[in-house]
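Whatever order the structure lists ligands and atoms in, that order sets their numbers, starting from 1.
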Amino acid sequence: MAAATRSDRSVDPWENAHMSEFDCVILGGGIAGASLAWQLAGFHRVAILEQETQCGYHTTGRSAALYLESYGPAGVRALTRASRGFLCSPPDGFAEVPLLAPRGALHLAFQGQEILLKNSLAELSAVCPDLVVLDAAAAWELAPCLRLDRLIGGLLEQGAQDMDVDALHQGYLRGARRLGAQVRTDIRIESVARANGNWRLRLADGSGIDTPLLVNATGAWADETARLCGARPVGLEPRRRSAFTFEAGADDEPSRWPALIAMDEGWYIKPGHGRLLGSPANADPTTPHDVAPDEMDIATAIYRIEEATRLTIRRPTSTWAGLRTFAPDGEMVIGFDPQCEGFFWLAGQGGYGIQSAPGASDLAACLIRGTPLSSVLTRSGVSPDAFSPARFHPT
Ligand SMILES: Cc1cc2nc3c(=O)[nH]c(=O)nc-3n(C[C@H](O)[C@H](O)[C@H](O)COP(=O)(O)OP(=O)(O)OC[C@H]3O[C@@H](n4cnc5c(N)ncnc54)[C@H](O)[C@@H]3O)c2cc1C
């Protein structure tokens with residue numbers, strides 16, 4: 001087993017591995033936990049413990065499934081760039097369908113938003129080399145559902161892709177299992193204690209699990225999980241985002257349209273197979289829970305979309321909401337806790353956790369193994385310090 005360097009933690013997490021059933025227990029089986037299990041399994045004895053009956057029940061199963069390299073703060077963008085190669089050509093046998101499909105994303109400005117358009121152009125062209133500037137007529141050509149009389153221009157991000165989130169998530173879980181990882185669902189953890197270099201987890205069914213290394217990949221619950229384990233929370237905030245699907249008009253061909261994103265972040269539409277996904281792009285702070293959409297969220301989105309397009313949304317075909325969880329500075333939290341021995345964070349994925357999962361889990365695995373960063377991370381400009389949990393509690 002690879003010995004860990006001591007640069008980013010005070011103890012060797014593998015020191016007491018021989019006393020435990022698992023080298024590493026990952027709490028949470030969403031995209032974060034599943035992707036890390038896949039990275040570590042085969043080299044280490046890994047278990048995922050998931051509280052729900054399905055690993056993708058919470059945020060991972062509720063995303064808009066869009067890959068946007070321009071999205072998020074600098075560290076997130078680097079992790080997303082580092083993920084592209086894996087998503088374009090995953091290892092043989094990982095998934096039976098492509099994980100990415102061309103879509104494009106059209107960022108839109110409407111009358112009265114001239115300054116916003118100018119600022120967005122400056123911001124997006126700095127991070128998006130393939131950006132195409134379109135006047136209103138050219139933007140309308142790409143998505144004739146837009147109201148041409150209100151539109152003033154668009155910025156087309158050509159590299160934006162649709163992601164098959166289920167194929168990615170299941171690919172990670174299946175691959176991790178094949179490499180020997182255990183995935184246990186319906187798990188309730190009653191207590192967690194650290195003694196003699198090992199964690200002892202007591203489960204609600206009366207059984208116990210020992211491991212030297214606990215990974216906190218519990219999404220919206222990650223600060224609560226930290227408290228349970230005696231680590232200091234980092235100030236994560238879960239924010240509700242609501243979404244719904246609806247039918248396009250009989251004459252529309254939405255599968256040809258790019259994703260349509262209002263530059264003022266008031267709404268977006270993502271075309272799918274015959275249906276459209278809409279969202280008010282809301283980010284309402286809340287507590288960790290099984291979140292449902294507020295009726296007002298959906299009504300707001302419908303109003304804004306109908307104002308900007310000639311689409312008529314009589315009744316959504318389905319509605320849902322999910323929790324996007326953010327650290328105070330918007331970057332993810334990836335690394336060993338500086339004060340709590342054997343406790344590793346993989347949290348704060350915000351609105352980017354799917355598109356960045358290959359890069360984020362690669363980074364997490366390098367830090368856990370104590371190896372240098374992989375070449376793809378280095379090439380993509382990933383710097384571990386940007387994600388370190390130590391940034392919230394400097395010593
Ligand atoms: C509407 C919406 C649209 C989005 N669109 C996109 C997009 O287009 N592209 C993109 O990249 N991202 C998108 N996201 C964000 C993305 O979905 C998240 O960043 C990502 O799914 C977070 O993954 P996770 O594994 O951290 O969290 P989760 O999927 O929530 O997984 C955490 C898991 O931990 C489990 N858990 C919690 N506490 C415990 C415990 N004590 N013991 C055991 N298990 C526990 C939970 O049950 C849960 O399954 C979107 C999100 C939403 C809501």
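Contacts between Arg324 and ligand 1, counted as non-hydrogen atom pairs separated by less than 4.0 Å, involve the side chain only. Neither the backbone nor the side chain of Glu224 has a heavy atom within less than 4.0 Å of ligand 1. Under 4.0 angstrom from ligand 1, the non-hydrogen atoms of Ala217 all belong to its backbone. At a heavy-atom distance under 4.0 Å, no atom of Ser279 approaches ligand 1.
The ring-ring contact (aromatic ring centres under 6.0 Å, His included) pairs that include a residue from residues 78-114 are Trp38-Phe86, Trp38-Phe94, Phe86-Phe94, Phe86-Tyr172, Phe94-Tyr172, where partners are two or more places apart or lie in different chains.
Residue-ligand proximity: Tyr352 is placed with a non-hydrogen atom under 4.0 Å from ligand 1. The closest approach between any non-hydrogen atom of Ile31 and ligand 1 is below 4.0 Å. For the ligand labelled ligand 1, residue Ala220 lies outside the 4.0 Å heavy-atom shell.
Between Pro258 and Leu142 the shortest heavy-atom distance is CD-O, 3.6 Å.
Within 6.0 Å of CD on Glu123 lie no more than 12 heavy atoms contributed by other residues, nucleotides or ligands.
Taking each of Ile26, Leu66, Thr53 in turn, the one with a heavy atom nearest to atom 8 (O) of ligand 1 proves to be Leu66. By heavy-atom distance, the residue among Arg184, Gln51, Gln349 lying nearest atom 36 (N) of ligand 1 is Gln51. In the candidate list Ser83, Gly28, Ala34, Gly28 is nearest to atom 34 (O) of ligand 1, counting heavy atoms.
Under the rule for a side chain to side chain donor-acceptor pair (under 3.5 Å), the partners of Asp284 that lie at least two apart in sequence or sit in another chain are Arg240, Asn282.
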